[in-house]
Every structure is written in C-alpha cells, then in structure tokens.
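Reading through the structure tokens given below for one structure.
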Amino acid sequence: MNIALADCNSFFVSCERVFRPELRYRPVVVLSSNDGCIVARSKEAKKLGIPMGAPYFKYKDILQKHGVIVASSNFPLYADLSSRVMEVLAEASPLIQIYSIDEAFFTLDRLEEADALRKKVLRWTGIPVSIGIAATKTLAKVASHLAKEGEEGVCKIEKHEEEKILSKLPVEEIWGVGRNTSKHLRALGISSALDFRRMDETLCRREFGVMGLRMMLELRGEIAFPLDEDPEPQKGISSSRSFGKEVTCWEDMSEAIAMHVAKSAEKLREQGSETNFLQVYLLTNRFHPEKAQFSRVGSAYLPVPTDFTPRLIEKAREIAKPLFFENVPYKKCGVFFGNLTQKSHSQADLFICQARKEKEEKLMELLDLVRVKDKQALYFLSEGVKGKQDWRMKRNHVSPLYTTSWDELLHIQI
DNA sequence: TCTGGGGTCCTAGGACCC
DNA sequence: TCTGGGGTCCTAGGACCC
C-alpha cells in the first residue's frame with residue numbers, strides 16, 4: 001500500500017477565495033497576526049517574487065504597485081474550512097493522519113482515485129488540493145510538490161522512477177532538511193536527494209543522528225515515519241501574541257495574560273487534559289535592540305493539576321505581577337501550560353471538596369458549550385471588556401467569519 | 001510607525017542513585 | 001601512572017515543520 005499526501009494549495013489564500021471569487025487568478029497574500037508577516041501567497045503572488053515569511057511593511061509598496069490583494073489572517077475561518085476538507089479526505093481512506101491545518105497523509109494507491117478525490121474536495125469545499133502518492137511520507141511530499149507544479153494536481157512516484165526524480169531534487173527541498181542540515185550535507189558533497197539516498201548508512205547516522213538516518217531510509221522507499229492515525233494529546237499548550245500597540249500599564253498586561261490563559265485552558269479541556277505547571281513571559285520589542293530590552297519569565301507549580309480557568313488566571317497573574325514594571329514598553333506576552341496529564345487518570349485530591357469540584361466542572365462545561373456557538377457571548381471579565389482592549393492585535397484587512405458567526409454570514413443580493 | 005505563532009523530536013550534559 | 005561503571009531522569013538548546 002502506498003502513502004498519499006493531500007496538500008491544500010496556498011491554503012489561506014484559497015480560503016479567502018472561497019467567499020470572494022473575484023480574488024481568483026489575481027495575486028493575493030495573507031498576513032500573520034498583527035499584519036506582521038506574509039504567511040501565504042497565491043501562485044500569482046509567488047511569481048512576483050514575494051518570499052514566504054517576509055515582513056509586510058517591507059513589501060507594502062511592491063504589493064501596492066502590482067495590485068496584490070492583502071488579507072489579514074482569519075483563523076477561525078481557516079480552521080473551519082480545514083475540518084471540512086479533512087472530512088472529505090477521511091471518507092476516501094480508512095487510515096488518515098491529519099498532519100497540519102492544510103495537509104493529511106492517508107493510504108491510497110491509484111492515481112485515478114487521487115484525481116477523483118481532488119475533484120470531490122474542490123467541488124464540496126471550494127478548496128483546491130494537490131495529491132502526491134509514493135512509497136513513504138517523504139517521497140509522497142516530493143510527489144505532492146510535483147503535483148502542484150503540473151497541471152493535473154495529482155502525481156504518483158513509481159518505484160522505478162524514484163532515482164530519476166530524486167536526482168533532480170536539491171537536498172534543501174527534502175522534508176526535514178532545513179538550513180543547517182542542508183549546509184552540512186553540501187559540505188560532505190551531497191547535493192541532490194539521490195546523493196542522500198545513496199549515502200553510507202554509518203556515516204549518515206554519525207553525521208545526522210537518527211533523524212538523518214530515517215530521512216535517508218524514507219528516500220530509499222523504506223518507511224521510517226509510519227502513518228500515525230491518532231496522535232497523542234499535546235504535551236504542552238501555549239498562547240502568545242504581540243500587542244497591537246505597546247503595553248505600559250499593568251491593567252492591560254493583566255487582561256492580555258488572562259485572555260491567553262482562558263484560550264489555553266479551553267484547549268486543555270478540549271483534549272481532556274489538566275496542567276500543574278504554568279509559565280508566563282513578558283517581552284519588549286526585540287527588533288529594537290538599541291532600546292532597553294526586557295524579557296522575563298516566571299513559572300509556578302500548582303499543588304493539584306487543574307483545567308479550571310479562574311484558578312489558572314489567578315495563578316498566572318500572581319506569576320506575572322512581580323515580573324512587570326510600569327512604563328516599560330512591552331510588545332508581547334504569553335503563557336505556557338506544561339506537565340499535562342489526562343483528566344481521566346487524575347488523582348483524587350484529599351483537600352478539595354468533591355462537591356465544589358463538580359460545580360467547577362459544570363461551569364467550565366457550560367462555558368465551553370456557549371463559546372462553541374459564539375466566542376463573544378461569554379468570557380471572563382479579567383480579559384477586559386471586548387471592544388475596549390486596545391492592546392488587541394491589529395487586523396486591518398480581515399475578512400468576515402463567513403462560516404462561524406451568525407452575524408457575518410455571506411449576504412447574497414438578487 | 002510597521003518584523004507571527006504553535007508545535008515536535010532529538011541530543012548532550014548534569015544530577016543522582018546504587 | 002592508573003581516580004568505577006552503569007543506569008535513569010531532567011533540562012536546555014538545537015533543528016525543523018507548517
């Protein structure tokens with residue numbers, strides 16, 4: 001059985017295009033939070049030479065000159081469309097691993113099936129995907145890249161074609177080879193994926209560790225990264241964000257921290273985990289090294305693991321308070337929950353009243369339930385009043401929440 | 001003026017144990 | 001001359017991914 005990789009084409013851009021068809025065939029970019037960096041580019045925008053991850057302000061003029069359409073990122077919309085795409089893919093294969101917001105590995109053999117699936121995803125969700133099929137995940141990645149380059153949108157690498165295709169692939173483009181590894185490989189005279197595939201095993205292990213060895217085996221068509229159908233729950237959960245404008249007073253900082261805690265705690269409950277380790281950090285703008293830099297981290301353990309937001313907010317503020325200095329221009333803050341444990345195996349605590357615990361649980365259940373329908377409807381006052389938090393991120397080109405908010409449904413005029 | 005955010009896995013070295 | 005040996009656990013940092 002072969003492994004297939006379905007990869008959405010310019011995913012965030014494609015999501016914007018679903019509801020704004022006038023953006024098709026035009027250069028479009030999507031920005032990261034705070035309109036900071038360019039994180040997605042349409043084919044047309046790539047052709048203009050706009051690099052991935054570039055700071056927006058440096059390219060503003062070029063984008064304007066070429067009439068590139070700019071969109072702020074709208075994550076709730078992308079997450080919703082992603083789950084719709086994954087649903088369609090899951091129907092096609094009994095074994096599927098959702099790898100990221102826009103990619104999934106699954107088992108599939110025939111090119112015709114891949115083509116039918118690609119068309120189905122496009123018809124049902126409006127999102128174009130490319131599908132690559134090969135013997136391993138690493139080779140399927142290569143195949144999906146070829147699929148994107150070609151017109152068909154699908155590609156299968158047969159056993160006998162592997163060497164020929166890999167000979168044309170620079171090592172930089174192998175999945176798992178980054179800046180450092182590629183430099184290291186080239187220093188050893190290994191410049192193509194085929195060279196890597198033919199590398200001596202002992203040398204490979206010595207120079208690049210077990211990860212290097214696995215990559216090499218995968219290039220040879222031997223599975224070293226198996227399909228992992230239901231991955232373990234996350235080991236840590238974090239939430240952080242740059243501020244829309246600098247924060248200098250404790251009230252604003254405290255609101256932002258509470259917001260990050262509430263967000264992370266929601267994720268925590270979603271995967272059925274609890275935490276007993278909290279970390280909070282505050283930083284100034286690292287891009288202005290000439291100005292005074294502040295960067296402080298604080299952490300604390302809780303006596304008993306919990307997923308109860310109010311307790312976590314209280315603790316996080318306790319950690320943050322001594323780290324904070326008035327009138328320092330903070331740019332960013334964040335929280336991290338570690339030591340996650342599954343709630344189902346949690347230890348009973350002698351010192352917590354069971355009745356109270358049940359009440360707390362009911363409260364969080366209700367909160368989460370309401371927020372599934374409307375994120376604005378219920379939140380903690382310590383996060384600040386919505387609409388009055390001027391530390392909130394900047395999003396000057398944001399599209400409506402077409403699929404996740406009743407107030408922002410698409411209007412059609414007849 | 002303006003520079004993202006959230007993850008994973010591996011490794012080396014230190015602390016500690018017997 | 002010659003300064004145990006083997007194991008575990010934890011942590012920080014590196015590298016990479018999307």
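Proteins come first, then strands; the chains are lettered A, B, ... in the order of their sequence lines, and each starts at number 1.
No side-chain donor-acceptor contact under 3.5 Å links A:R118 to the backbone of A:S130.
Judged as a side-chain contact (heavy atoms from CB on, under 4.5 Å), and not counting sequence neighbours, the contacts of A:H260 are A:S239, A:R241, A:C333, A:V335. Under the side-chain contact (heavy atoms from CB on, under 4.5 Å) criterion, A:S73 pairs with A:V30, A:F75, A:Y78, not counting sequence neighbours. Applying the side chain to side chain donor-acceptor pair (under 3.5 Å) test to A:H184 and every residue at least two apart in sequence or in another chain returns A:E207. For A:T403, the side chain to side chain donor-acceptor pair (under 3.5 Å) partners two or more places apart in sequence, or in a different chain, are A:D80. A:S242 meets the side chain to side chain donor-acceptor pair (under 3.5 Å) test with no other residue; sequence neighbours excluded. In this structure, the side chain to side chain donor-acceptor pair (under 3.5 Å) partners of A:Q97, at least two apart in sequence or on a different chain, are A:K137. Not counting sequence neighbours, the partners of A:I223 by the side-chain contact (heavy atoms from CB on, under 4.5 Å) test are A:I3, A:T136, A:E218, A:P226.
Atom C1' of nucleotide C:dA15 and atom CG of A:N180 are separated by 7 Å, given to the nearest angstrom. To the nearest angstrom, P of B:dC2 lies 17 Å from CD1 of A:I38. The interatomic distance linking A:D102 (CG) with C:dC18 (C1') rounds to 7 Å, in whole Å. Rounded to whole angstrom, the span from the CG atom of A:D228 across to the C1' atom of C:dC17 amounts to 16 Å. Atom CE in A:M393 sits about 18 Å away from atom P in B:dC2, given to the nearest Å.
Within a heavy-atom distance below 4.0 Å of DNA chain B, no residue of residues 244-256 of chain A is found.
Distances from the side chain of A:F57 to the nucleotides C:dC18, B:dT3, C:dC16 place B:dT3 closest.
No side-chain donor from either of A:R214 and A:T138 sits under 3.5 Å from a side-chain acceptor of the other. A donor atom on one side chain and an acceptor atom on the other are not found under 3.5 Å apart for A:T125 and A:R84.
DNA chain C forms stems at B:5-18 with C:5-18, each a run of 3 or more consecutive Watson-Crick or G-U wobble pairs whose two key distances fall under 3.5 Å.
Nucleic acid contact class of A:I174 (heavy atoms, under 4.0 Å, all strands): sugar-phosphate only. Heavy atoms of A:Y56 sit nowhere under 4.0 angstrom from any nucleic acid atom. Using a 4.0 Å heavy-atom cutoff across all strands shown, A:D35 reaches no nucleic acid atom at all.
Checking the phosphate oxygens (OP1, OP2) of B:dC2, a side-chain nitrogen or oxygen of A:H288 falls inside 4.0 Å. Here A:K331 does not reach the OP1 or OP2 of B:dC2: none of its side-chain N or O atoms lies under 4.0 Å away. Put simply, A:S100 has no side-chain N or O that comes within less than 4.0 Å of OP1 or OP2 on C:dC17.
Sorted by first and then second residue, the pairs that involve residues 291-323 of chain A and meet ring pair (Phe, Tyr, Trp, His ring centres under 6.0 Å), not counting sequence neighbours, are A:F277-A:Y301.
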Anything under 3.5 Å between a donor and an acceptor, one on a side chain of residues 52-65 of chain A, the other on a protein residue two or more places apart or in another chain? List them.
none

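A distance of about 15 Å separates the C1' atoms of C:dC17 and B:dG4, rounded to the whole Å.
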Practice task
Quick one, give me the B/S/- string for nucleotides 4-11 of chain B, reading 5' to 3', where B means a protein heavy atom under 4.0 Å from the base and S means that only happens at the primed atoms, P, OP1 or OP2.
Solution key: SSSSSSSS

